[in-house]
Student: 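Take this structure, written in structure tokens, and hold onto it; I'll ask about it next.
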Amino acid sequence: MQLIKAGGIMHSIKHNLERFKIVRLALYIYRIRAIRALFPVAIIALVYWEGQQELKGIDLRRTLHELRHVSSSAIVQMLVTSFFAVAVMSAYDYLIRVHFQLRVGLWSIFRYAWIANTFNNILGFAGLAGVGLRSLLYKKSGVPISVLTPAIIFLSPLMITGLSLLSWAIIFGILPAGGLLQKHHWLQFAIWGMALYLPIFVFVQRSSLFAKWINRGQGRTPWLTVSASVGSSFLEWFFAGLAFWTIGNHILGGIHFVTIFSIYAVAAIAGILSMAPGGIGAFDLIALLGLTQLGYESDEAMAVLVIFRLFYYVIPWLIGLVLAALEIGIQGKKILERTEPGFEPPLNMWQKVWRWPGQLPFLSDLGVWALGKLVLASGLILLLSAATPELIYRLKITEQLLTVPIMKISHHLSVVIGFMLILLSRGIAVRIQRAYMWTSLFLFLGAVFAITKGFDYEEAIFLLVVGLILWISRGRFYRVSVPFTRQSTVGWVILTSSIAFGYFILGSYAHRGFMKHLPPGVQPEWLQQHSRVAFTAVGGLLFSWLLLTLMISLRPERRMDSLPSSTDLTRLEHFLTKTSGNTLTHMLFLGDKSLYWSMNGQVLFPFARVRDKLVVLGDPLGPKSLMKEGISEFRQEADKYGLTVVFYQTTPDFYPIYEEQGYLYFKLGEEGFIPLDSFTLNGTKNVELRSISRRFEQEGYTFEIAEAPHSELLLRELRLISKEWLAGRTEKGFSMGWFKESYLQTVPIGLLRSPDTRIVAYASMVPGYDDQRTISIDLMRHRQHLLGGTMDYLYVCLLNWSKDQGYERFNLGNTPLSSVSQNVETAREEKLAHLVFKRGSHGHGYQGLRQYKEKFSPEWESRYIAYPATLSLPILMLDLVRLASRHPSDGE
């Protein structure tokens, strides 16, 4: 009831909002991904244009030199201030805890806030990452969806009110940013735009509509709550600016707080408006412009930005990854014990109504996603460490304990392990068991080599912590494998090659700068020349890919989509003597569908694989009482291989079963059935068919049924007719039969002969496996240049024969995309499907097929695709077209 009520609330909110044209326009623009991508690029391009001179003055070697000379006490102060600034953001969560009376513990609130806010800092200031994570975490804590949805909506818009307040401070001169604004006039529009947000926010919070929709009829939002909301946001931005000043004060020395805080506020506004993840690019360039305007060197200013990004964003996010892995990883095992393992948690009402998070797939399983990113970070840390010189005193300690060759070997091996961890992070994120085993080994070896190459105990501790978290979460790694696509492989090759190039660039600059600033007389033996950095980068990249290829090639071959053997088909025959089938069942004897038996062989799933999907042909076969458990078992087995189960051409009778499994529906078309007990050529209804029948009978055409087994002579003639009918086209597969002699030997074939006894058309007839109630046409082929009405006459003969054999229904087959809705409210995917139905394919419309079948007065039954909500319907449709167009593997 709570879910239904929340769904009603959200639908009402969206409906009322979309009555306003400006809201509809905003939503439409937001959903256009190209615009969402181009806007940040445009802002960053504008900032880059304004700051070309400052960017040219950056010397990476001098920046690295500045970073290496930061004292330990300064690092501690900067870290503490940054962590405190991140912790202050939990005020948002404590606010909604009080306002909406959430029954969640204070420590849990703090953990959830840290996870959500650090992810939001990295992935985007717009707040979407934080919204999704809060939904997931609070829902896991038992907060009802009817309470959680308004709380999330309440929280989303208040996060930038503090920045809007700072904009007013800039306008009134409290924060002196005039110099920056005078040189770059476009920033004034950004300041005023952000400033106007605050009065709009207050007006909305105090409105009657907000009280009705969000406050659940409990009156307007109190002024105290509105003030607390703005205050929480102000604390976030104030302490973030304080962290920025602390870092700048240590790097630049003696800088005034108000001055640098003003620069931070303007840069943060530019970052927000850019909508780039973490405001990256726009924030950094504006801050760089402001600091250089104060007279500081570009490389010194860049050092401030690098440390700020590291201490305020990256390190807190790594801690957030650890918390997320432990929060979801350990407790997730309890959830999996109560539900089917391997399933993504269902989307909540907020995500369904607002069609989000399509762009943030990690939310389906935050724990292992976080583990994957921790492993990725481990690999990057190893490469970063290898690319930058070690501290002198640590090198001396290591040289006293180990030999130089061991240190050099450790250095090279740590690079290889770094690349291997980057590659294996994908396997961790998708829960592959072998990836977990190899990653655990490489994390341990990486920790060992971090010590032996230069006594980097911080890296070793981090790698061991990640390994410990992996071990704690070991129960979540159950998959045997996942599909490898060409696109993903190319993507990872490009990513790792880019990282190798970055390693080369950083290593080259770092070693040159380091050698220039060595104390007199200090020349550690292990230091390599510039040329060896390229060798290490290329060698580490190639060796890691070679090692990964060997690991994949030598793994045991385990597949679940192997084609059936003769023994399997014999088992199928025996199964169908005890269990009812459907109109698609006989196609299983073509041998192109895999067979999966669940519930100890009582439920059968015939399927074929296309990319990362297992497409089941029709509804599963077996007792309906076992279907729910049978489908769950099949989905669990498919999930071990990273595959998703889709049901193709399902019937309305199974709708409740699929719906309970969380499936969505898309109408494929309709299947026509002719009731044979009422079929007759007498009367005025079928006068055209009666006329055609008399004409063909008078001209000497004859019809006969050839029972199996068939002679080679007959099959040879039928093959020639089939080739003539195909006219160079390839056979279709999966849901359609094709010419295969062994398959035709199992069914009767209706033959239509001309007066000279030549076969001019034929149709194979297949049973419906429903106690001889239904019979279907499967393969229907004819010669070219037929007499008009030939196929109508063949249909009439087949109908009369089927009626004489005692069948109740004659299946005319499926009409694709027939009667797909044309309503205004229809989803865009269905509108596209209707367009395909209207226009047809290959120049021939499906609409004509429907009109042809209508002359036999069939009764139409709907057929659907049942698919998980996590799949994209357009991509699924393309995969189904690819599957149906797949050329049969049989060479016949």
Side-chain angles (χ1 to χ4, degrees), residues 583 586 671-726 736-741 743-768 772-813 849 852-858:
T583 57
H586 195 76
E671 199 159 333
F673 293 90
I674 302 174
L676 293 175
D677 58 349
S678 61
F679 175 76
T680 179
L681 294 181
N682 298 326
T684 59
K685 187 177 182 180
N686 290 323
V687 61
E688 182 182 353
L689 293 175
R690 184 168 64 249
S691 175
I692 291 173
S693 297
R694 286 176 181 174
R695 178 162 57 90
F696 274 85
E697 289 171 1
Q698 290 172 359
E699 293 186 5
Y701 281 80
T702 58
F703 172 79
E704 65 179 86
I705 286 290
E707 298 287 349
H710 308 292
S711 66
E712 290 186 10
L713 183 62
L714 175 62
L715 291 175
R716 192 179 305 120
E717 186 174 3
L718 296 183
R719 178 180 287 278
L720 292 175
I721 296 174
S722 179
K723 288 184 178 180
E724 186 177 344
W725 179 81
L726 286 170
M736 301 177 68
W738 67 87
F739 195 96
K740 181 178 181 180
E741 292 187 2
Y743 177 63
L744 291 176
Q745 288 286 14
T746 64
V747 294
I749 302 176
L751 308 174
L752 182 62
R753 295 183 182 271
S754 63
D756 59 0
T757 70
R758 279 197 324 147
I759 300 174
V760 294
Y762 68 90
S764 61
M765 309 298 293
V766 297
Q772 209 173 2
R773 290 183 60 247
T774 307
I775 191 165
S776 304
I777 294 178
D778 184 15
L779 207 64
M780 182 174 254
R781 305 285 162 92
H782 58 79
R783 296 185 185 273
Q784 295 182 355
H785 312 298
L786 291 177
L787 186 65
T790 301
M791 300 310 295
D792 291 344
Y793 180 60
L794 177 59
Y795 265 116
V796 170
C797 294
L798 292 171
L799 288 167
N800 287 326
W801 174 82
S802 301
K803 186 174 181 179
D804 293 340
Q805 295 298 311
Y807 288 99
E808 298 177 16
R809 301 192 308 167
F810 186 93
N811 180 21
L812 284 173
L849 179 61
Y852 177 80
K853 292 181 179 181
E854 282 286 1
K855 69 174 65 178
F856 298 99
S857 303

Student: Please report the shortest heavy-atom distance between Glu699 and Pro755, naming the atom on each side.
Tutor: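 The answer is O-CG, 2.9 Å.
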Student: Is there a side chain to side chain contact (heavy atoms under 4.5 Å, CB included) between Thr774 and Phe810 once you walk through the steps?
Tutor: CA-CA 6 Å; Thr774 307; Phe810 186 93; over 6 Å; no
Student: According to ring pair (Phe, Tyr, Trp, His ring centres under 6.0 Å), who are the partners of Phe696, at least two apart in sequence or on a separate chain?
Tutor: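 Here the qualifying residues are Tyr701, Tyr793.
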Student: Quick check: does any side chain N or O of Arg719 sit under 3.5 Å from a backbone N or O of Glu741, one acting as donor and the other as acceptor?
Tutor: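 Absent.
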Student: When you measure from the side chain of Lys853 to the backbone N and O of Leu812, does any donor-acceptor pair fall under 3.5 Å?
Tutor: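 It does hold such a pair.
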Student: Which pair of heavy atoms, one from Met765 and one from Trp801, lies closest together, and at what distance?
Tutor: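 Distance-wise, the nearest heavy atoms are CG-CZ3, 4.4 Å.
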Student: With sequence neighbours left out, what residues match Phe856 under ring pair (Phe, Tyr, Trp, His ring centres under 6.0 Å)?
Tutor: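 Scan of Phe856 (ring pair (Phe, Tyr, Trp, His ring centres under 6.0 Å), adjacent residues dropped) gives Tyr795.
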Student: Is the closest side-chain heavy-atom distance between Met780 and Leu794 below 4.5 Å?
Tutor: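 Yes, at least one pair of side-chain atoms sits under 4.5 Å.
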Student: How far apart are the closest heavy atoms of Val766 and Ile775, and which atoms are they?
Tutor: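 So the minimum-distance heavy-atom pair works out to O-CG1, 3.4 Å.
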Student: Among Leu726, Leu720, Leu718, which residue meets the side chain to side chain contact (heavy atoms under 4.5 Å, CB included) test with Arg781?
Tutor: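 That would be Leu726.
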Student: Mind checking the CG-OG spacing from Asn800 to Ser693? Nearest 0.5 Å is all I need.
Tutor: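 Output value for this atom pair is 7.5 Å.
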Student: Just wondering, do Ile777 and Asn811 contact through their side chains at under 4.5 Å, heavy atoms?
Tutor: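 When only atoms from C-beta onward are counted, Ile777 and Asn811 do not touch, as no gap falls below 4.5 Å.
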Student: Do Ile759 and Leu752 come within less than 4.5 Å of each other through their side chains, counting heavy atoms only?
Tutor: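 No, too far: nothing below the 4.5 Å cut-off.
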Student: Is the shortest distance from a Lys or Arg side-chain nitrogen in Arg809 or Glu671 to a carboxylate oxygen in the other one below 4.0 Å?
Tutor: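 No, this pair does not count.
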Student: May I ask you to check whether over 12 heavy atoms, not counting those of Glu707, lie within 6.0 Å of atom CD?
Tutor: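 Counting other residues, nucleotides and ligands, CD of Glu707 exceeds 12 neighbours.
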Student: Side chains of Glu688 and Ile692: does their closest heavy-atom pair fall under 4.5 Å?
Tutor: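 In contact.
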Student: So does Glu724 get a backbone contact from the side chain of Gln784, meaning a donor-acceptor N/O pair under 3.5 Å?
Tutor: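 It does hold such a pair.
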Student: I'd like to know whether NZ of Lys855 has more than 12 heavy-atom contacts from other residues, nucleotides or ligands below 6.0 angstrom.
Tutor: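 Yes, NZ of Lys855 has more than 12 neighbouring heavy atoms, counting only those of other groups under 6.0 Å.
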Student: Does Ser776 use its side chain to pair, donor to acceptor, with the backbone of Asp778 at less than 3.5 Å?
Tutor: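 Between the backbone of Asp778 and the side chain of Ser776 there is no qualifying donor-acceptor contact (under 3.5 Å).
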Student: Looking only at non-hydrogen atoms, find the nearest pair between His710 and Val747 and report the distance.
Tutor: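 Closest approach of His710 to Val747: NE2-O, 2.9 Å.
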Student: Mind listing the closest non-hydrogen atom pair of Ile705 and Gly750 along with its distance?
Tutor: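 Ile705 and Gly750 have their closest heavy atoms at CD1-CA, 3.6 Å.
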Student: Could you walk me through whether Glu808 and Asp677 pass the side chain to side chain contact (heavy atoms under 4.5 Å, CB included) test, one step at a time?
Tutor: CA-CA 6 Å; Glu808 298 177 16; Asp677 58 349; over 6 Å; no
Student: Looking at every non-hydrogen atom in both residues, tell me the closest pair between Leu676 and Ser802 and how far apart they are.
Tutor: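 For Leu676 and Ser802, the tightest heavy-atom pair comes out as CD1-CB, 3.8 Å.
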Student: Taking atom CZ as the centre, does Arg695 end up with more than 12 heavy-atom neighbours from other residues, nucleotides or ligands that are less than 6.0 angstrom away?
Tutor: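 Above 12, so yes.
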Student: To the nearest 0.5 Å, what is the distance between CG (Leu751) and CG (Leu714)?
Tutor: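 Between Leu751 CG and Leu714 CG, I get 5.5 Å after rounding to 0.5 Å.
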Student: Please round to the nearest 0.5 Å and tell me the distance separating atom CG of Leu715 and atom OG of Ser722.
Tutor: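 These two atoms lie 11.5 Å from each other.
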Student: Atom CZ of Phe679 and atom NZ of Lys803: how far apart are they, to the nearest 0.5 Å?
Tutor: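 It comes to 8.0 Å.
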Student: Just checking Gln772: does its CD atom have more than 12 heavy atoms from other residues, nucleotides or ligands closer to it than 6.0 angstrom?
Tutor: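 More than 12 heavy atoms, drawn from other residues, nucleotides or ligands, come within 6.0 Å of this atom.
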Student: Is the CE atom of Met736 crowded by more than 12 outside heavy atoms at less than 6.0 Å?
Tutor: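 Result for CE/Met736: open.
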Student: For the residue pair Thr790 and His782, establish whether any side-chain heavy-atom pair is separated by less than 4.5 Å.
Tutor: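 No, their side chains stay 4.5 Å or more apart.
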Student: With sequence neighbours excluded, give me every side-chain hydrogen bond (donor to acceptor under 3.5 Å, both in side chains) pair touching residues 744-762.
Tutor: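 Only His586-Thr746, Glu704-Arg753, Ser754-Asp756 qualify under side-chain hydrogen bond (donor to acceptor under 3.5 Å, both in side chains).
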